[in-house]
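Worth saying up front: this structure is predicted, and the values here are computed from it rather than measured. Reminder, nothing fancy here: chain letters follow the sequence lines and each chain counts from 1.
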Amino acid sequence: MPAFYQKVYRLLKKVPAGKVTTYKALAHTLGIRAYQAIGQAMRNNPYAPRIPCHRVIKSDGTLGGFMGKTRGPAIEKKKKMLEKEGIKFAGDKVQNFPKTLHKFNNNT
DNA sequence: AGAGCACTGATCC
DNA sequence: GGATCAGTGCTCT
C-alpha cells in the first residue's frame, strides 16, 4: 500500500480509546493540507478493526461520514460505540471536543 | 491525463 | 446560520 496510507493508519492507531481525532489533525501531522486524502485512506481501510476509523471525525466536532453515507443509521451506531469508549456527544457533535481530541506527537 | 475523495474554509444568500 | 463553490494533496483508472 502507499506510504501515505501507512502514515495515516499508524497515526490512527496511536489514538487511544475514549479519544478522537480529525482529518485536519491527521493531514496536518502528515504535513499535507489535503484532508480529503485522509478520507480516501479511511475508505480503503485495509485494517478495518485495527484502524479506529470511527474515531476520526470532522474538525467541526461531528462524525462526518463513515460508511459512505454522511447521514445514516450506521453513523449513529458508531456514535454509540464512541460513547461506550467514554466519548460523550452533545446531540450530533462531540462534547469537550478539544479535550476529546487526541493530539499527535510529531517527534516519534 | 482525468476524475474523485468519510474535508475544510470562504463566500453567497 | 445554512448551503454552495473552490481548493487542497494524494490515489486510482
Side-chain angles (χ1 to χ4, degrees):
Chain A
M1 73 185 70
F4 174 71
Y5 281 29
Q6 288 190 357
K7 292 184 191 175
V8 180
Y9 303 143
R10 180 169 265 175
L11 284 170
L12 201 53
K13 283 195 291 192
K14 291 180 55 155
V15 180
K19 284 204 167 177
V20 296
T21 187
T22 67
Y23 299 93
K24 186 179 179 181
L26 285 165
H28 186 71
T29 307
L30 293 177
I32 62 173
R33 290 193 292 180
Y35 323 107
Q36 299 190 322
I38 308 293
Q40 280 183 118
M42 299 294 100
R43 187 153 151 301
N44 283 271
N45 198 13
Y47 305 98
R50 304 194 222 177
I51 304 298
C53 43
H54 58 272
R55 282 186 206 155
V56 186
I57 61 175
K58 303 207 331 185
S59 67
D60 186 65
T62 54
L63 288 103
F66 288 102
M67 290 187 172
K69 303 200 72 157
T70 325
R71 306 184 314 186
I75 204 159
E76 305 264 332
K77 294 168 68 173
K78 299 295 180 186
K79 187 166 63 174
K80 289 186 182 178
M81 187 159 97
L82 289 170
E83 286 186 294
K84 291 175 67 173
E85 292 191 351
I87 300 171
K88 293 175 183 141
F89 282 85
D92 296 330
K93 292 190 181 174
V94 180
Q95 262 184 8
N96 302 322
F97 177 50
K99 296 184 180 181
T100 315
L101 219 185
H102 172 73
K103 290 173 268 190
F104 290 106
N105 220 17
N106 277 359
N107 61 329
T108 32

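A straight line from CG of A:Asp60 to P of B:dA6 spans 18 Å, rounded to a whole angstrom. One interatomic measurement links the two molecules: CE of A:Met1 to P of C:dC12, which rounds to 11 Å at whole-angstrom precision. The distance from atom OH of A:Tyr5 to atom C1' of C:dG9 is 12 Å, rounded to the nearest whole Å. Protein atom CG of A:Leu26 is 15 Å distant from nucleotide atom P of C:dC10, rounded to whole Å. The interatomic distance linking A:Ile38 (CD1) with B:dC5 (P) rounds to 16 Å, in whole Å. Distance, A:Phe4 CZ to C:dT8 P: 16 Å, rounded to whole Å. Atom pair A:Ile32:CD1 and B:dG9:P shows a separation of 14 Å (rounding to whole Å applied). Rounded to an integer number of Å, the gap from A:Leu30 CG to B:dT8 P is 14 Å.
Between A:Tyr9 and A:Asn44, the closest side-chain pair of non-hydrogen atoms falls below 4.5 Å. No side-chain heavy atom of A:Tyr5 sits under 4.5 Å from any side-chain heavy atom of A:Ile38.
The side chain of A:Tyr35 lies closest to C:dG7 when the candidates are C:dT11, B:dA6, C:dG7. Candidate nucleotides C:dG9, B:dT8, C:dT11 were compared by shortest atom distance to the side chain of A:Lys58, and B:dT8 ranks first.
Pairing partner, C:dT11: B:dA3, with both Watson-Crick or wobble hydrogen-bond distances short of 3.5 Å.
Nearest-nucleotide positions on DNA chain C place A:Gly31 closer to the 5' end than the other of A:Asn44 and A:Gly31. Comparing A:Ser59 and A:Ala37, the nucleotide of DNA chain B nearest to each residue sits closer to the 5' end for A:Ala37.
A close approach under 4.0 Å does not occur between any side-chain nitrogen or oxygen of A:Lys24 and OP1 or OP2 of C:dT8. Between B:dA6 and A:Arg43, a contact under 4.0 Å exists linking OP1 or OP2 to a side-chain N or O.
Taking 3.5 Å as the limit, the base of B:dG4 and the side chain of A:Gln36 contain no donor-acceptor pair of atoms between them.
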From CA spacing to verdict: salt bridge (charged side-chain N to carboxylate O under 4.0 Å, His left out), A:Glu85, A:Lys19
CA-CA 8 Å; A:Glu85 292 191 351; A:Lys19 284 204 167 177; over 6 Å; no
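When heavy atoms are screened at a 4.0 angstrom cut-off, A:Tyr23 is found touching base atoms of the nucleic acid.
Residues A:Thr21 and A:His102 share a closest heavy-atom pair of OG1-O, 4.2 Å. A:Cys53 and A:Met42 make their closest contact through CB-SD, 4.0 Å (heavy atoms, listed as atom of the first residue, atom of the second, distance).
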